[in-house]
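Take a look at the structure below.
Predicted model only: the values in this text are computed from it and were never measured. So that the names make sense, note that chain A is the first sequence line, chain B the second, and so on, each numbered from 1.
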Protein chains: 2
Amino acid sequence: MFDEICPSEVVPFRIGDKWAGMIIRCLEHGPRRFSELRIPLRTITAKVLTQSLRTLERDGLILRHVHTTPVQRVEYDLTPLGRSILEPLAAMCAWTEDHWDELLDAREA
Amino acid sequence: MFDEICPSEVVPFRIGDKWAGMIIRCLEHGPRRFSELRIPLRTITAKVLTQSLRTLERDGLILRHVHTTPVQRVEYDLTPLGRSILEPLAAMCAWTEDHWDELLDAREA
DNA sequence: CAGCATCCGAAAGGATACTG
DNA sequence: CAGTATCCTTTCGGATGCTG
C-alpha cells in the first residue's frame, strides 16, 4: 500500500480522499507526529497532508494534540470512532488481497 | 444512499469513482438495463454513467450484454468478482449506519 | 517543526447537442 | 434505446516560498 512499485490504483476502495485510508493505517498502532507521517507517505506534500488531517479531524476520526515543550510537536491519534473504522477497512484490504490477481487480469484484458 | 435529501457526502467510503458503489448496489438483485440504472441514479448524466460502467467492466466487476431483439437493449450484470465485493461493501455500509450520528455530530462541531 | 499562502496543471464531473 | 462528441466548470493534488 505504501510501496511506490505497488499499483495502488487497482484498489477499488477509498476512504475519504486519496490519502485518508493510508493515514488511518499509519495511526493504527498509536499516535504519530506530522513529520513521522510524512515518512511512509513519502510523496505527499505538507499542504495535502494538512488538508487530509483537517478533514479527518473534522469528521471526528482523529484528534490533534499540540505539545509546546520545548519545541513544537503535533501529534495525531485515532478517536474511538476512527479506531472502529479499522475493522471494515481490514475487510476491504482482505478482499483486495484475495482478488488482487483477478483485478490485475481484468485490467490487462 | 440514493435519496437526494440524504447527505451521502458524509459517507467516508468510496468504491472506484463517485457512482461505482451505487451502481453495484443497483445490480445486486439481478441485471439492469442502461435506462433502468438512470432511474435510481437520477442526477447522473448518460456520459458519466457510461464512463463508470466501462470502468467497472474493465475491472472485471460487471458484464455488458447487448440484445438486439428487436430493439436495442443493453444489460449490465455483476460478475462473480463483482458479486464478491458486496460483502465488504455491506460491512462498510453497516459501519456507516452504526456511526451515522457520530459523523454528523462531528461535522457540526 | 508544522504548518499557511499562492499559483498551477491535470483530471473529474457535468451540460448540451447529436447519432446508429 | 444507448450511447458519442464537444465544451465547460469545478475540484484535486502538487510545487514553491514564507512564517511563528
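Of the side-chain N and O atoms in B:R33, one or more sit less than 4.0 angstrom from OP1 or OP2 of D:dA2. The side chain of A:R32 contributes no N or O atom lying less than 4.0 Å from OP1 or OP2 of C:dA2. Between A:S35 and C:dC1 there is no side-chain N or O to OP1 or OP2 distance below 4.0 Å.
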* Mark up nucleotides 7-13 of chain D, 5' to 3', with B wherever a protein heavy atom is under 4.0 angstrom from a base atom, S wherever such an atom reaches only the sugar-phosphate, and - elsewhere. => ------B
* In sequence, state the C-alpha distance, the side-chain angles, and the governing distance for A:L89 and A:F13, and then conclude on side-chain contact (heavy atoms from CB on, under 4.5 Å). => CA-CA 9 Å; A:L89 180 53; A:F13 296 105; over 6 Å; no
* Asked: What's the verdict on side-chain contact (heavy atoms from CB on, under 4.5 Å) for A:W19 and A:L53, showing C-alpha distance, side-chain angles and the deciding distance?
  -> CA-CA 9 Å; A:W19 300 95; A:L53 289 168; over 6 Å; no
* Pair B:I15-B:M92, side-chain contact (heavy atoms from CB on, under 4.5 Å): steps then yes or no -> CA-CA 10 Å; B:I15 293 190; B:M92 286 165 30; 4.2 Å; yes
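Computed from coordinates, the A:R54 CZ to C:dA5 P distance equals 11 Å when rounded to whole Å. B:L37 has its CG atom 13 Å from the P atom of D:dC1, to the nearest Å. Residue A:L53 contributes atom CG, which lies 11 Å from atom C1' of C:dA2 at whole-angstrom precision. Atoms NE2 (B:H65) and C1' (D:dC1) sit 18 Å apart, rounded to a whole Å. At whole-Å resolution of the value, CE in B:M22 and P in C:dG13 are 11 Å apart. Between the P atom of C:dG3 and the CD atom of A:E75 lies a distance of 12 Å, rounded to the nearest Å. Rounded to a whole Å, the CD atom of B:E36 is 13 Å from the C1' atom of D:dA2. If you measure from atom CG of A:L49 to atom C1' of D:dT16, you get 17 Å, rounded to the nearest angstrom.
Applying the side-chain hydrogen bond (donor to acceptor under 3.5 Å, both in side chains) rule to B:S52 yields the partners B:D17; only residues at least two apart in sequence or on another chain are considered. For A:R73, the salt bridge (charged side-chain N to carboxylate O under 4.0 Å, His left out) partners are A:E75, not counting sequence neighbours. For A:E57, the salt bridge (charged side-chain N to carboxylate O under 4.0 Å, His left out) test picks out A:R54, with sequence neighbours left out.
Residues B:C26 and B:L37 share a closest heavy-atom pair of CB-CD2, 3.6 Å.
Distances from the side chain of B:T50 to the nucleotides C:dG3, D:dG3, C:dA2 place D:dG3 closest.
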Interface polar pairs with nucleotides 18-20 of chain D, N/O, under 3.5 angstrom:
from, atom 1, to, atom 2, distance (Å)
D:dG20, N2, A:Q72, OE1, 2.8

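When heavy atoms are screened at a 4.0 angstrom cut-off, B:R38 is found touching no nucleic acid atom at all. In this structure, A:V74 reaches the sugar-phosphate backbone alone: every heavy-atom distance under 4.0 Å involves primed, P, OP1 or OP2 atoms, never a base.
Within 6.0 Å of the CD atom in B:E87, the count of heavy atoms belonging to other residues, nucleotides or ligands does not exceed 12.
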Please tabulate, for side-chain N and O atoms in residues 77-85 of chain A, each donor-acceptor pair with protein atoms closer than 3.5 Å (sequence neighbours left out).
from, atom 1, to, atom 2, distance (Å)
A:T79, OG1, A:G60, O, 2.7
A:T79, OG1, A:L61, O, 3.2
A:T79, OG1, A:L81, N, 3.4
A:T79, OG1, A:G82, N, 2.9
A:R83, NH1, A:E28, O, 3.1
A:R83, NH2, A:E28, O, 3.4
A:S84, OG, A:L81, O, 2.6
A:S84, OG, B:W95, NE1, 2.9

